[in-house]
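Let me begin by presenting the structure, written as structure tokens, before commenting on it.
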Amino acid sequence: MWKVEFVPLILSETTDIYAIKLNDSVHSEFSDFMSTFKESTDPYLRQDLDRILSSIENISQNGALENFFRIEGHFSDRVCAIPLLVAHRNKRTHGSLRLYCIRVSDSLLLIGGGGVKNSRTYNTDPILSGKVSLLQSIDKRLLKLESEGMDLYNEIMNLTLIIEE
Amino acid sequence: MARVRYIDPEFQKALNEVSPAIRKETSYEFAIAKRIRDILVKKHLSQAMLAKATGKKEATVSLWLSGTHNFTIRTIAEIECALNEEILSIRQYRKPSETVCGYISNRPAYTGLLNDGNE
């Protein structure tokens, strides 16, 4: 069972970006992601992290526009990956970073966790597929709340979800 | 630039440690992508139409709009011509005035006149 909360990461005129926090943890999933790869010995992964951080900054300025994101989940959900220009590398020895999120709208983005993508698709990686699966469960609950009339943009900061595993 | 009302201090710290060149490069890529997208919306054009107009694949146009594409000047020129809109403009920097004894002017001949022929 997951207790899910949303903590503000960047709030701007254009877009509000929240990080997802699980089970009363001190750190959000995104904070753990940053800590893990900031100290990586792989220079490609450190560069990927820098580009992901810059992308998030630019999304807050330009909007969480649909064309900025890679669709990662199913067509029925809003799970996607933060855009990343992957520097040329030997893919057999160096994976690339993936950070997953829920793009609710042009003005609301919820960032989850991620990891190193060494396989062609995330489903074959237990860590990445776990991250995506959790976001899909969260998104399913959010869609239900929206269909019941909740204004997520204004309510997300005070929202706590309980997601069954 | 959109005004930021709040930014998480840990994220701000991490962002400050990103190389300025990467931050600037990313900001250009996103700004160009958004500009192209805004033009498409304004002119009611689809990505497929832009692809056809530029002779590229739709996947290429999708990449242009992703905010992660490292454009060549040639590509930007092709897109500008296809859309008949400016995407990039270069600011003109004026040459600083030459400093001379006495009166100062950015026109050497005028400087001479002001200084009675002594430049």
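What's counted below: heavy atoms across the whole structure, side chains too, no hydrogens, waters or symmetry copies. Sequence lines set the chain letters: A, B, ... in the order given, protein chains first and strands last, and positions in each chain run from 1. This one's a predicted model, so the numbers in the text were calculated from it and none came from an experiment.
With a threshold of 4.5 angstrom between heavy atoms, B:Arg5 approaches chain A through its backbone and through its side chain. In this structure, chain B has a heavy atom under 4.5 Å from the side chain of A:Phe30, while its backbone stays farther away. Within the 4.5 angstrom heavy-atom criterion, atoms from both the backbone and the side chain of A:Leu9 approach chain B.
No other option in A:Leu53, A:Ile17, A:Asn58, A:Val7 has as many heavy-atom pairs under 4.5 Å with chain B as A:Asn58.
With contacts defined as side-chain heavy-atom distances shorter than 4.5 Å, the pair B:Ile39/B:Arg35 qualifies.
Side chains of A:Ser28 and A:Ser31: a donor-acceptor N/O pair is absent below 3.5 angstrom, by distance only.
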Tell me, with the steps shown, if B:Asp8 and B:Gln12 meet side chain to side chain donor-acceptor pair (under 3.5 Å). CA-CA 6 Å; B:Asp8 175 70; B:Gln12 178 72 79; over 6 Å; no
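Judged by distance alone, the side chain of A:Asn23 and the main-chain N or O of A:Lys3 form a donor-acceptor pair under 3.5 Å.
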